[in-house]
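Working notes for the structure below.
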Amino acid sequence: MNTPDPRQLRYVSMPNVVGNFIKSLFGRKDAAAIDSLAPSPTGGYTAPEVWLHPDSEELKKQTLLQARKIEQPVFSIGRRVSDSVHYPHDDPPDLLLVENPPYTLSRSQCAIEVSQDKVILRDLGSRAGTMLGKKRLRKSGRKPSSVVVPKGSHSLILGLRDGPFRFRLEVR
């Protein structure tokens with residue numbers, strides 16, 4: 001019986017192989033979910049803690065909207081629409097905001113993606129854009145469509161700069 005030389009053995013991380021296979025079969029949300037389940041190099045799970053706090057009177061009036069911990073790999077925010085209107089990819093946002101015409105929010109405004117070691121804010125192609133602090137994100141043009149959110153407390157504005165859809169995004 002031939003024993004292989006240990007220097008020639010190729011070690012493959014099983015979670016990475018399975019994760020890459022599943023990512024190739026499914027969409028963006030599932031791929032992010034798989035990335036978030038991978039252990040850190042130190043052996044523990046180091047996913048940042050992310051909180052979303054309403055930071056305007058308009059948002060505080062929406063009765064179900066309170067400070068909430070984001071506990072899923074991809075958390076999307078958008079405008080509530082009637083039952084006859086469909087969301088892109090038939091996947092409604094996790095947080096639906098009520099807005100009266102003229103609309104400044106998109107049905108799919110933005111997403112907060114939490115992986116094991118970072119938080120990404122992504123504009124999903126909204127017309128008015130999404131702001132983190134003073135940085136405006138927009139999917140079209142020269143502006144970037146995503147940004148890595150550092151630890152700390154940040155102003156998050158959806159739509160117009162002076163609009164009512166203001167949050168405080170906290171990454172711990």
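Here CD of E49 is found 8.5 Å from CD of E71. Values are rounded to the nearest 0.5 Å. How far CD1 of I70 is from OG of S76: 10.0 Å, rounded to the nearest 0.5 Å. The distance from the OG atom of S155 to the CG atom of L132 is 7.5 Å, given to the nearest 0.5 Å. Atom OG of residue S153 and atom CZ of residue R168 lie 4.5 Å apart, to the nearest 0.5 angstrom. Note that CZ of R68 and CZ of F167 are 9.5 Å apart. Values are rounded to the nearest 0.5 Å. Considering NZ of K118 and CD of E113, their distance stands at 9.5 Å, rounded to 0.5 Å.
With contacts defined as side-chain heavy-atom distances shorter than 4.5 Å, the pair V147/I120 does not qualify. The shortest distance between side-chain heavy atoms of C110 and L158 falls below 4.5 Å. Contact of the P102 side chain with the T104 side chain is not registered, since no non-hydrogen atoms from C-beta on lie closer than 4.5 Å. Side-chain contact between P164 and L59 is absent, with no heavy-atom pair separated by less than 4.5 Å.
A side chain to side chain contact (heavy atoms under 4.5 Å, CB included) with T130 holds for exactly one of L124, L105, L156, I157; it is L156.
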**Request:** Step by step, work out the side chain to side chain contact (heavy atoms under 4.5 Å, CB included) result for L121 and V148.
**Result:** CA-CA 6 Å; L121 174 66; V148 174; over 6 Å; no
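Using a 3.5 Å distance cut-off with no hydrogens or angles, the side chains of Q109 and S126 do pair a donor with an acceptor.
Closest approach of R136 to G159, counting heavy atoms only: NH1-O, 3.4 Å. In terms of heavy-atom proximity, R172 sits nearest to W51 at NH1-NE1, 3.4 Å. P93 and G78 get closest at one heavy-atom pair: CB-N, 3.5 Å. Residues N100 and Y103 come closest through the heavy atom pair C-CE2, 3.8 Å. Annotation for V171 and P150: closest pair CB-O, 3.8 Å, computed over non-hydrogen atoms. Considering all non-hydrogen atoms of both residues, D94 and V74 come closest at OD2-O, 3.4 Å.
Put simply, L95 and V50 are part of the same group of oily side chains (I, L, V, M, F, W, Y) that touch within less than 4.5 Å, one to the next. Connection of V149 to F165 is established within a shared hydrophobic cluster, with ILVMFWY side chains joined at heavy-atom distances below 4.5 Å, either directly or through further cluster members. With hydrophobic clusters built from ILVMFWY side chains whose heavy atoms lie under 4.5 angstrom apart, L52 shares a cluster with V114.
With respect to the salt-bridge test (charged N to carboxylate O, under 4.0 angstrom), the residues K60 and E58 do not qualify.
Here the side chain of R166 pairs a donor or acceptor atom with the backbone of R161 at under 3.5 angstrom.
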